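Since we're looking at a predicted model, the values are computed, not measured. What you see below is based on every heavy atom in this structure, not just the backbone, and it leaves out hydrogens, waters and symmetry mates.
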Amino acid sequence: MELLLMSDTHLPKRAKALPPELLDLVPRADVVIHAGDWVDAATLDLLEARSRRLLAVYGNNDGPELRCRLPEVAYAEFGGLRFGVVHETGAAQGRERRCAERFPDLDVLVFGHSHIPWDSTADGGLRLLNPGSPTDRRRQPHCTYMTARVDGGRLTGVRLHALPRRA
């Protein structure tokens with residue numbers, strides 16, 4: 001099972017559209033995961049229309065329309081792994097411990113908010129992934145997203161992708 005992970009798209013404030021490279025991957029992924037801060041409902045409409053399956057939450061920059069359509073925390077099981085998605089997880093220091101305590105029944109937690117890519121494993125095995133942002137790199141060298149596979153009940157091939165800088 002192929003996964004495509006993104007967060008913090010902030011459209012149309014940080015970019016006018018999703019990068020073509022990322023948009024091309026959407027229909028090919030078995031599951032698209034978006035960890036919030038869409039800003040516009042048009043991007044949600046686009047991903048709902050093009051995705052085989054979408055697992056998504058709202059973020060702190062998302063208004064009433066998105067909050068009516070999306071949960072604060074989303075859960076799903078893919079290939080025997082229990083996934084959760086949330087926008088904010090707090091400060092980097094102590095993140096693994098806090099998330100493991102808050103989400104004791106998960107195998108993988110996808111989050112956003114910081115625009116800083118993250119891949120770590122908490123004591124007990126919870127994998128934490130933040131794909132960064134495909135449209136607003138902030139202080140990062142590149143805009144980013146992630147891909148991964150679920151194979152035989154394991155998360156494999158987790159890869160951070162750097163997008164080319166826009167002119």
Please give me the minimum heavy-atom distance between Ser7 and Gly112, naming the atom from each residue.
OG-CA, 3.3 Å
Do Leu55 and Tyr58 share a hydrophobic cluster, counting only Ile, Leu, Val, Met, Phe, Trp and Tyr and linking them when any side-chain heavy atoms are less than 4.5 Å apart?
no
Please answer whether the main-chain N or O of Asp62 pairs with a side-chain N or O of Arg67 as donor and acceptor at a distance below 3.5 Å.
yes
Enter the distance from Leu46:CG to Leu18:CG here, rounded to the nearest 0.5 Å.
6.5 Å
When every non-hydrogen atom of Val86 is compared with those of Ala35, the smallest separation belongs to O-CB, 3.9 Å
Supply the atom-to-atom distance Leu155 CG to Met1 CE, rounded to the nearest 0.5 angstrom.
12.0 Å
Would you say Val108 ends up clustered with Val57 if hydrophobic residues are merged whenever their side chains have heavy atoms under 4.5 Å apart, either directly or through other cluster members?
yes
With clusters defined by side-chain heavy atoms of hydrophobic residues (ILVMFWY) lying less than 4.5 Å apart, directly or transitively, does Val32 cluster with Leu129?
no
Any carboxylate oxygen within less than 4.0 angstrom of a Lys/Arg side-chain nitrogen, looking at Lys13 and Asp136?
no
In terms of hydrophobic clusters joined by side-chain contacts under 4.5 Å, are Trp118 and Leu126 together?
yes
Sequence neighbours excluded, every pair satisfying ring-ring contact (aromatic ring centres under 6.0 Å, His included) that has a member inside residues 28-53
His34-Trp38
Ion pair present between Asp37 and Arg14, side-chain N to carboxylate O less than 4.0 angstrom?
no
Any side-chain donor paired with an acceptor under 3.5 Å for His161 and Thr147?
yes
How close do Thr144 and Ala162 get, heavy atom to heavy atom, and via which atoms?
CG2-CA, 4.2 Å
Locate the shortest heavy-atom distance separating Glu96 from Ser120; write the atom from each residue and the value.
OE2-OG, 2.6 Å
Within the 3.5 Å criterion, strictly below it, is a donor on His113 or Asn60 matched to an acceptor on the partner's side chain?
yes
Note: Leu81 and Arg154 closest approach over all heavy atoms is CD1-C, 3.6 Å
For the OG atom of Ser51 and the CG atom of Leu44, what is their distance to the nearest 0.5 Å?
9.5 Å
Only pairs at least two apart or in different chains count here, so list each side chain to side chain donor-acceptor pair (under 3.5 Å) that has a residue in residues 74-85.
Arg82-Asp107
Which residues pass the salt bridge (charged side-chain N to carboxylate O under 4.0 Å, His left out) test with Glu72, not counting sequence neighbours?
none
Considering all heavy atoms of both residues, which atom of Ala41 and which atom of Arg69 are nearest to each other, and what is their separation?
CB-NH1, 3.8 Å
In Å, rounded to the nearest 0.5 Å, how long is the span from OG of Ser114 to CD of Gln140?
7.5 Å
